[in-house]
There are 2 protein chains.
Amino acid sequence: MRRIAPERADLLAIVAEVFREHGYEGASLALIGAATRLGKGSLYHFFPGGKEEMARAVIAHIDGWFEDNVFAPLRDSPDPRGGIEHMIEATDSYFRSGRRVCLIGAFALDESRDLFADQIRSYFGRWVVHLAGALERSGHRPGEASELAEEAVAAIQGALTLARAANDLDVFSRALRRLRLRLGLPAKT
Amino acid sequence: MRRIAPERADLLAIVAEVFREHGYEGASLALIGAATRLGKGSLYHFFPGGKEEMARAVIAHIDGWFEDNVFAPLRDSPDPRGGIEHMIEATDSYFRSGRRVCLIGAFALDESRDLFADQIRSYFGRWVVHLAGALERSGHRPGEASELAEEAVAAIQGALTLARAANDLDVFSRALRRLRLRLGLPAKT
DNA sequence: GACTCACTGTACCGATTGGTACAATGTCGG
DNA sequence: CCGACATTGTACCAATCGGTACAGTGAGTC
């Protein structure tokens with residue numbers, strides 16, 4: 001009965017969307033099954049640890065994406081400003097200009113945080129640290145760079161919340177525009 | 001069998017804490033009952049509309065608190081800077097310096113937003129509008145005041161997320177300190 | 001003392017929850 | 001062609017979900 005097994009990455013992307021929209025508690029196996037068109041048999045074959053393993057895998061997948069597309073450029077780009085610019089564009093693209101919400105940020109808010117505390121802390125921690133590094137290399141003093149990085153990551157998270165609350169995508173793009181200026185980037189791309 | 005009926009405000013505060021910690025889906029009637037020490041009979045007596053009415057009442061209660069302690073001072077204070085200072089302190093106190101999370105912000109993230117969309121939009125909308133008004137009266141140009149207000153409210157929401165993710169209260173107090181400067185307030189209280 | 005009515009505990013409802021067990025179905029390497 | 005194994009649907013499980021029904025129970029009122 002072997003079917004066209006979806007690539008694990010595709011599968012994780014679909015499951016991520018369910019968690020994103022419904023939260024950890026709200027994402028029932030029925031919803032996940034419907035979204036992936038996979039029965040419980042398949043779901044528990046791929047994720048023997050059940051819902052918790054699914055969530056863990058989804059977080060790791062997102063983390064990997066940010067590692068490749070955001071953290072690495074911040075860390076490795078010879079031109080720190082270029083890395084920061086890259087981060088802003090990747091962020092805008094990942095969150096679909098505010099249409100999408102940050103799964104990991106959402107998990108951080110309710111009690112599901114306790115289950116995934118390490119992964120959540122690592123994700124945001126690395127984001128702040130690598131951004132601070134790039135800011136430092138682009139001329140900011142260390143302490144100032146750390147504060148600015150923390151402010152920037154928080155601004156993104158807050159803008160996602162506010163954009164969804166207001167149901168207005170412009171909230172997010174305005175936030176990114178301000179962020180550009182604040183981080184010392186040219187206004188327009 | 002009439003017992004000491006808790007004040008409705010106290011009751012709502014307890015229920016709010018359950019929603020805050022577990023989210024709308026995660027807050028089961030069993031949890032709410034345990035926290036309030038009220039059986040289903042009592043719960044459905046006070047909230048015939050069930051869980052949804054409880055959440056609606058809780059949001060309204062929080063909204064009322066912010067109306068009295070944040071929005072009104074921003075709107076009515078003869079000295080706009082004083083109103084803004086008042087907002088910062090009320091915010092710090094309400095969120096217990098980052099120990100607490102914003103219920104309404106959390107609801108905005110997942111699908112429960114659709115149920116309470118109007119209340120959520122109104123809450124954040126009024127916060128931004130009244131802060132923008134105070135900023136305008138304290139000398140900012142209208143457009144600039146609106147952007148700054150939006151930035152400030154988003155910064156608070158983002159800081160709450162980040163503080164909980166990092167499990168580090170200092171994240172929140174640092175954010176409030178930056179906010180003071182950004183809004184043109186003296187550094188220390 | 002009778003009546004009222006806000007309040008409460010308990011039993012119960014069907015639906016859904018996350019999870020398990022397993023037999024069937026293929027696909028693939030040999 | 002065969003056996004191994006990845007993948008699947010289905011049936012099933014106890015626990016819990018949100019919600020209803022209702023018979024009390026008692027404090028206040030006349």
Side-chain angles (χ1 to χ4, degrees), chain A residues 1-59 61 103 106-107 110-116, chain B residues 1-59 61 103 106-107 110-116:
Chain A
M1 200 178 295
R2 191 193 269 234
R3 286 285 157 72
I4 353 88
E7 281 296 323
R8 186 175 168 90
D10 298 339
L11 183 54
L12 285 175
I14 297 173
V15 178
E17 221 55 48
V18 181
F19 278 123
R20 224 187 290 278
E21 284 168 19
H22 302 271
Y24 182 68
E25 294 279 345
S28 66
L29 291 185
L31 282 170
I32 296 173
T36 58
R37 303 169 71 76
L38 249 38
K40 289 192 184 186
S42 310
L43 249 20
Y44 274 84
H45 173 73
F46 293 120
F47 306 100
K51 200 173 160 179
E52 185 176 330
E53 184 180 338
M54 296 180 208
R56 230 171 267 283
V58 161
I59 296 177
H61 184 241
L103 207 217
F107 277 12
D110 60 36
E111 25 96 72
S112 56
R113 175 193 67 155
D114 302 332
L115 271 175
F116 312 111
Chain B
M1 200 179 293
R2 188 193 271 232
R3 286 285 156 72
I4 353 87
E7 281 295 324
R8 186 175 168 92
D10 299 338
L11 183 54
L12 285 176
I14 298 173
V15 178
E17 222 55 48
V18 181
F19 278 123
R20 224 186 290 277
E21 285 168 18
H22 302 271
Y24 182 68
E25 296 279 345
S28 67
L29 291 186
L31 282 171
I32 297 173
T36 58
R37 304 170 68 77
L38 249 37
K40 288 193 183 187
S42 310
L43 250 18
Y44 274 84
H45 172 74
F46 292 120
F47 306 100
K51 199 172 159 179
E52 185 176 330
E53 183 179 338
M54 296 180 208
R56 230 172 267 283
V58 161
I59 296 176
H61 184 242
L103 207 216
F107 277 12
D110 61 34
E111 25 95 72
S112 57
R113 176 192 64 156
D114 303 333
L115 270 175
F116 313 111

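Protein chains get the first letters and strands the later ones, always in sequence-line order, with residue 1 at the start of each. Every value quoted in this text rests on a predicted model; they were computed, and no experiment measured them.
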Touch class at under 4.0 angstrom, heavy-atom based, for B/G39 against every strand present:
sugar-phosphate

[X]: side-chain contact (heavy atoms from CB on, under 4.5 Å) partners, not counting sequence neighbours:
X	value
B/E21	B/E17
B/F47	B/R8, B/L11, B/L12, B/E53, B/M54, B/A57
B/H22	A/E111, B/V18, B/A27, B/L31
A/F116	A/Y24, A/E52, A/A55, A/R56, A/I59, A/F107, A/S112, A/Q119, A/I120

Rounded off to whole Å, could you give me the [atom1]-to-[atom2] distance for the [X] and [N] pair?
X	N	atom1	atom2	answer
B/Y44	D/dA21	OH	P	12 Å
A/E52	C/dT17	CD	C1'	16 Å
A/M54	C/dT17	CE	C1'	13 Å
B/F47	D/dG19	CZ	P	13 Å
A/L43	C/dA21	CG	C1'	16 Å
A/R37	D/dT8	CZ	P	13 Å
B/E53	D/dT20	CD	P	12 Å

So, is A/S42 close to the D/dT7 phosphate, meaning a side-chain N or O under 4.0 Å from OP1 or OP2?
no

Closer than 4.0 Å, any side-chain N/O of A/H45 to the OP1 or OP2 of D/dA6?
no

Name all pairs fulfilling the salt bridge (Lys or Arg N to Asp or Glu O under 4.0 Å) condition that reach into residues 22-43 of chain A, sequence neighbours left out, sorted by first residue then second.
none

Heavy-atom closest contact (A/A16 atom, A/V58 atom, distance):
CB-CG1, 3.5 Å

At under 4.0 Å between heavy atoms, which parts of nucleotides 11-17 of chain D does protein reach? Answer with one letter per nucleotide, 5' to 3': B base, S sugar-phosphate only, - none.
------S

